[in-house]
Amino acid sequence: MECKSCGAQIDDNVVQCPYCSAAVSRVASSTNQNNATNIISTQASPSNKTAAGLCGIFLGAFGVHKFILGYNKAGIIMLCITVCTCFYGGFVTGLIGLIEGIIYLTKSDEEFNRTYVQNKKEWF
């Protein structure tokens with residue numbers, strides 16, 4: 001199977017491309033009368049949205065909400081800013097986390113999935 005994002009050859013059983021971390025969608029035959037095809041894609045569960053939102057509000061300075069959504073690079077950046085500035089930078093990253101947590105919790109599940117899971121929007 002070929003990744004639609006980066007074009008790499010990947011195993012048919014993977015959910016996420018090991019090279020570019022893009023969500024893998026497959027087309028599978030349906031068993032209904034029309035033999036139509038169904039597109040199967042990964043979606044964020046509402047619990048991920050809630051967990052990321054609450055962690056953004058309460059632990060935003062450490063970037064925990066970024067790690068929950070799989071944005072490891074952004075999470076490490078926020079964590080490094082907080083720790084390397086002896087927690088003085090935590091005021092800025094904490095404010096970013098607070099804003100992002102509120103944004104996550106106010107979005108509908110469909111909009112959250114489209115924005116942060118499918119389109120991989122890391123910041124705000």
Side-chain angles (χ1 to χ4, degrees):
M1 179 175 181
E2 185 175 304
C3 176
K4 294 189 187 321
S5 181
C6 69
Q9 290 296 322
I10 55 175
D11 188 32
D12 290 339
N13 299 326
V14 297
V15 178
Q16 187 175 21
C17 178
Y19 302 102
C20 69
S21 300
V24 176
S25 61
R26 321 179 203 344
V27 178
S29 295
S30 176
T31 57
N32 63 10
Q33 295 174 342
N34 300 334
N35 287 332
T37 57
N38 296 326
I39 297 176
I40 303 169
S41 63
T42 21
Q43 292 186 355
S45 67
S47 62
N48 281 354
K49 179 183 115 170
T50 305
L54 292 175
C55 285
I57 292 170
F58 296 112
L59 300 172
F62 301 105
V64 175
H65 60 292
K66 298 292 188 182
F67 291 111
I68 289 174
L69 294 176
Y71 302 142
N72 295 334
K73 183 179 175 184
I76 290 171
I77 289 170
M78 291 183 78
L79 182 61
C80 286
I81 289 171
T82 300
V83 173
C84 292
T85 61
C86 297
F87 298 94
Y88 289 114
F91 293 114
V92 174
T93 56
L95 182 61
I96 291 171
L98 175 68
I99 293 168
E100 288 182 331
I102 292 170
I103 290 171
Y104 295 166
L105 293 174
T106 57
K107 288 190 179 288
S108 68
D109 290 342
E110 295 81 20
E111 187 178 7
F112 178 83
N113 184 42
R114 184 175 51 253
T115 305
Y116 299 105
V117 177
Q118 294 173 356
N119 294 334
K120 302 270 184 193
K121 182 178 177 185
E122 292 186 21
W123 299 99
F124 294 104

**Q** Which heavy atom of N119 sits nearest a heavy atom of T115, and at what distance?
**A** CB-O, 3.5 Å

**Q** Can you tell me how far CE of M1 sits from CD of Q9, rounded to the nearest 0.5 angstrom?
**A** 10.0 Å

**Q** Roughly how far apart are C84 SG and I77 CD1, rounded to 0.5 Å?
**A** 12.0 Å

**Q** If every non-hydrogen atom of A51 is compared with every non-hydrogen atom of I68, which pair is closest and at what distance?
**A** O-CD1, 3.8 Å

**Q** On the 0 to 90° scale, with breaks at 30° and 60°, tag the Y104-F112 ring pair as parallel, tilted or perpendicular.
**A** perpendicular

**Q** Are any of the side-chain heavy atoms of I103 and Y116 separated by less than 4.5 Å?
**A** yes

**Q** Provide the closest heavy-atom pair for I96 versus M78 in the form atom of the first, atom of the second, distance.
**A** CG2-CE, 4.1 Å

**Q** Given side chains that start at C-beta, do those of I57 and L105 come closer than 4.5 Å, heavy atoms only?
**A** yes

**Q** Give the minimum heavy-atom separation between T82 and G90, together with the two atoms involved.
**A** OG1-CA, 3.8 Å

**Q** Backbone N or O of K49 within a donor-acceptor pair of the K107 side chain at under 3.5 Å?
**A** no

**Q** Once rounded to the nearest 0.5 Å, what's the spacing between atom CZ of F87 and atom CD1 of I81?
**A** 13.5 Å

**Q** Within this structure, what is the CG-CD distance for the pair N72 and E122, rounded to the nearest 0.5 Å?
**A** 9.0 Å

**Q** Taking the side chain as everything from C-beta on, heavy atoms only, tell me whether F67 gets closer than 4.5 Å to I76.
**A** yes

**Q** Find the distance between CG (L59) and NE2 (H65) and round it off to the nearest 0.5 Å.
**A** 10.0 Å

**Q** Show, in sequence, the C-alpha distance, side-chain angles and deciding distance for W123 and Y71, and conclude whether the side-chain contact (heavy atoms from CB on, under 4.5 Å) test is met.
**A** CA-CA 10 Å; W123 299 99; Y71 302 142; over 6 Å; no

**Q** Using 0.5 Å steps for rounding, measure from the CD atom of E100 to the CG atom of L69.
**A** 9.0 Å

